[in-house]
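I have placed the structure first, in the form of C-alpha cells, so that the comments after it can refer back to it.
These numbers come from the heavy atoms of this one structure, side chains and all, not from hydrogens, waters or symmetry mates.
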Amino acid sequence: MTKHEDEELEFEDELEDDDDDEDAVLEEDSVNGRGAAAGFAMGLILGAILGAGAALLLAPQRGDLTRRRIRRQFRDLRDEAAGHVGEWRDEARRELRRQRKRLRRRRSN
C-alpha cells in the first residue's frame with residue numbers, strides 16, 4: 001500500500017468517526033429535548049394543581065358558593081362554545097357551497 005492510499009484510508013476513518021460523533025450529539029440533544037419538554041409539562045401540571053388548591057383555600061366565600069359559581073361559569077362557557085361551534089359549522093357550509101359553485105363554473109368554461 002502506498003503512502004497516499006494510507007492517508008486516504010486514515011482520512012476516511014476520521015470522516016466516519018466525525019459522523020459517529022455527530023450522530024451521538026444529535027441523539028443526546030434529542031433525548032435532552034424530550035426530557036426538557038416532559039419536565040416543563042410536569043411543572044405546568046404541578047403549578048396548575050397547586051394554583052387550584054391555593055385558590056380553593058384562599059377563596060373569600062364558602063365552598064358551596066364557590067362550587068356553584070364555578071358550575072355556573074362552566075355552563076356559561078359551554079353554552080358560548082356551543083354557539084361558536086354552530087356559527088363555525090354554518091360558515092363552513094356556506095364556504096363549501098361557494099367553492100362548489102366556483103368549481104362548477106370552472107368546469108363549464
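- Around atom CZ of R78, more than 12 heavy atoms belonging to other residues, nucleotides or ligands sit under 6.0 Å away.
- For the atom pair Q73 CD and L77 CG, the distance stands at 9.0 Å (nearest 0.5 Å).
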Contacts table for residues 84-97: side-chain donor-acceptor under 3.5 angstrom, sequence neighbours left out:
from	atom 1	to	atom 2	distance (Å)
E95	OE1	R98	NH1	2.5
E95	OE2	Q99	NE2	2.7

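- Each of R107, R100, K101 was checked for a side chain to side chain contact (heavy atoms under 4.5 Å, CB included) with L103, and the lone residue meeting it is R107.
- With values rounded to the nearest 0.5 angstrom, I45 atom CD1 is found 12.0 Å from L50 atom CG.
- For D64, the side chain to side chain contact (heavy atoms under 4.5 Å, CB included) partners at least two apart in sequence or on another chain are R62, R67, R68.
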